[in-house]
Asks: 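Mind having a look at this structure? Questions to follow.
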Amino acid sequence: MKLKNKIAIITGSSRGIGKSTALLFAKEGAKVVVNYLSSEKEAFSVVDEIKKIGSEAIAIKCDISKENEIKKMIQKTIDTFGKIDILVNNAGIVFDIPLFEKTVEQWKQTLDVNLIGTFLCSKYASEQMLKNGSGKIINISSTNGINSLSPESADYDASKAGVINLTKNLAKELAPNIQVNSVAPGWVDTDMNKDLPKDFVEEETAKIFLKRFATPEEIAKSILFLVSDDASYITGSILKVDGGYD
Ligand code: NAD
């Protein structure tokens with residue numbers, strides 16, 4: 001097992017990439033904090049699945065755009081498990097709306113969750129990690145923060161470019177004790193994309209070298225790699241997992 005007795009917080013893990021990561025980590029021996037915003041039933045069902053796998057988990061409701069709620073989530077994790085080894089900043093939102101129709105409120109909400117939420121969770125989790133002298137942080141960015149831009153998600157793309165830059169700053173600031181890396185997925189088959197028009201999905205699929213969207217499990221495997229000892233000399237890196245894209 002690659003994560004025996006490691007304590008991992010995964011934000012937004014009641015579904016999608018977060019859920020797949022929670023289940024994979026549990027199979028590798030980690031005890032998992034399943035963070036959710038409003039999907040209580042789904043979060044508790046992930047906890048049940050983890051218990052069936054033979055590991056431990058708790059569900060914690062926390063809006064990662066709210067600093068006081070993050071502080072409480074970190075404290076509850078310490079009270080329950082005594083330490084934090086791994087943080088996966090996975091929670092994210094997108095509003096697919098044309099660039100000049102998007103409101104300031106939508107821009108701010110996107111930045112509050114995707115970028116400032118990632119900063120705040122990293123800040124309070126790393127304080128605890130430093131007490132043990134080690135830790136791993138993975139920030140889920142996106143190829144939209146690198147080169148696959150879309151004017152309908154300009155705020156999202158900017159937030160993910162920010163997450164990439166933040167990853168490098170955190171890696172420098174928290175070295176040598178804590179390693180900080182980012183996984184940048186391309187298109188993934190999750191609820192985030194369930195309302196995309198069919199012809200748009202076909203056009204995008206044609207641009208992917210491997211001719212399909214990723215499964216959330218495939219993204220989870222790359223996250224596992226970066227938090228495992230196999231990535232002991234990697235920090236400040238951005239791992240694109242996009243099946244090749246042109
Ligand atoms: P998803 O919508 O299924 O999952 C996102 C999760 O984040 C949900 O569980 C949601 O409730 C949670 N969340 C949103 N706001 C939150 C908040 N304020 N506090 C706590 N939780 C909150 O989508 P997904 O595809 O699994 O996305 C996971 C991550 O991967 C996101 O950061 C997303 O931007 C990124 N990503 C996704 C794709 C894709 O194609 N699906 C591509 C690149 C990057």
Side-chain angles (χ1 to χ4, degrees), residues 9-24 33-47 59-74 87-96 106 108-122 137-150 152-153 155-164 166-167 182-196 200-201 204-205 207-208 212-220 222-223 238-243 245:
I9 299 179
I10 304 170
T11 64
S13 49
S14 63
R15 70 181 202 189
I17 294 168
K19 176 181 176 179
S20 295
T21 306
L23 296 176
L24 183 61
V33 172
V34 178
N35 158 246
Y36 68 98
L37 177 64
S38 55
S39 313
E40 183 173 305
K41 205 168 140 249
E42 289 81 358
F44 278 91
S45 130
V46 176
V47 167
I60 302 183
K61 181 178 167 71
C62 163
D63 179 343
I64 59 130
S65 66
K66 306 237 159 66
E67 187 168 12
N68 60 333
E69 294 191 25
I70 294 172
K71 285 185 187 172
K72 283 185 195 153
M73 173 169 72
I74 298 295
L87 168 69
V88 181
N89 284 306
N90 166 76
I93 54 169
V94 64
F95 297 105
D96 282 316
Q106 286 159 343
K108 284 187 174 164
Q109 202 181 334
T110 302
L111 293 175
D112 275 348
V113 176
N114 296 3
L115 181 55
I116 301 176
T118 296
F119 164 66
L120 289 172
C121 289
S122 301
I137 298 176
I138 304 298
N139 299 324
I140 308 304
S141 56
S142 168
T143 51
N144 281 46
I146 305 172
N147 59 359
S148 61
L149 307 174
S150 152
E152 282 76 27
S153 59
D155 49 350
Y156 176 87
D157 299 0
S159 75
K160 294 300 188 178
V163 167
I164 286 171
L166 174 65
T167 300
S182 176
V183 170
W187 288 113
V188 190
D189 193 8
T190 66
D191 285 349
M192 188 172 265
N193 297 322
K194 70 177 184 334
D195 296 327
L196 291 176
F200 177 74
V201 170
E204 286 299 302
T205 305
K207 294 182 197 165
I208 302 170
R212 62 178 178 83
F213 281 23
T215 65
E217 290 78 14
E218 287 174 310
I219 306 302
S222 62
I223 299 169
I238 316 303
L239 177 58
K240 264 211 292 180
V241 187
D242 64 354
Y245 182 90

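One-based numbering, in listed order, for ligands and for the atoms of each.
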Asks: What residues come within 4.0 Å of ligand 1, counting heavy atoms only?
Replies: Gly12, Ser14, Arg15, Gly16, Ile17, Asn35, Leu37, Cys62, Asp63, Ile64, Asn90, Ala91, Gly92, Ile93, Val113, Ile140, Ser141, Ser142, Tyr156, Lys160, Pro185, Gly186, Trp187, Val188, Thr190, Met192, Asn193
Asks: Is any NZ, NE, NH1 or NH2 atom of the basic residue among Lys207 and Glu204 found under 4.0 Å from an Asp or Glu carboxylate oxygen of the other?
Replies: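 Counted as a salt bridge, because a side-chain N and a carboxylate O are separated by less than 4.0 Å.
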Asks: For the atom pair SG (Cys62) and CD1 (Ile74), what is the distance rounded to the nearest 0.5 Å?
Replies: 8.0 Å
Asks: Taking only residues at least two apart or on different chains, which pairs with a member in residues 108-118 satisfy side chain to side chain donor-acceptor pair (under 3.5 Å)?
Replies: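 For residues 108-118: Thr110-Asp155, Asn114-Ser159.
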Asks: What's the spacing between Thr143 OG1 and Ile164 CD1 if we round to 0.5 Å?
Replies: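 Here the rounded value is 8.5 Å.
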Asks: Between Trp187 and Phe213, how do the two ring planes meet: parallel, tilted or perpendicular, split at 30° and 60°?
Replies: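 Trp187 and Phe213: parallel rings.
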Asks: Of the options Thr11, Ile140, Val183, which is the one that meets Val88 in a side-chain contact (heavy atoms from CB on, under 4.5 Å)?
Replies: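 Among Thr11, Ile140, Val183, the one that satisfies the side-chain contact (heavy atoms from CB on, under 4.5 Å) with Val88 is Ile140.
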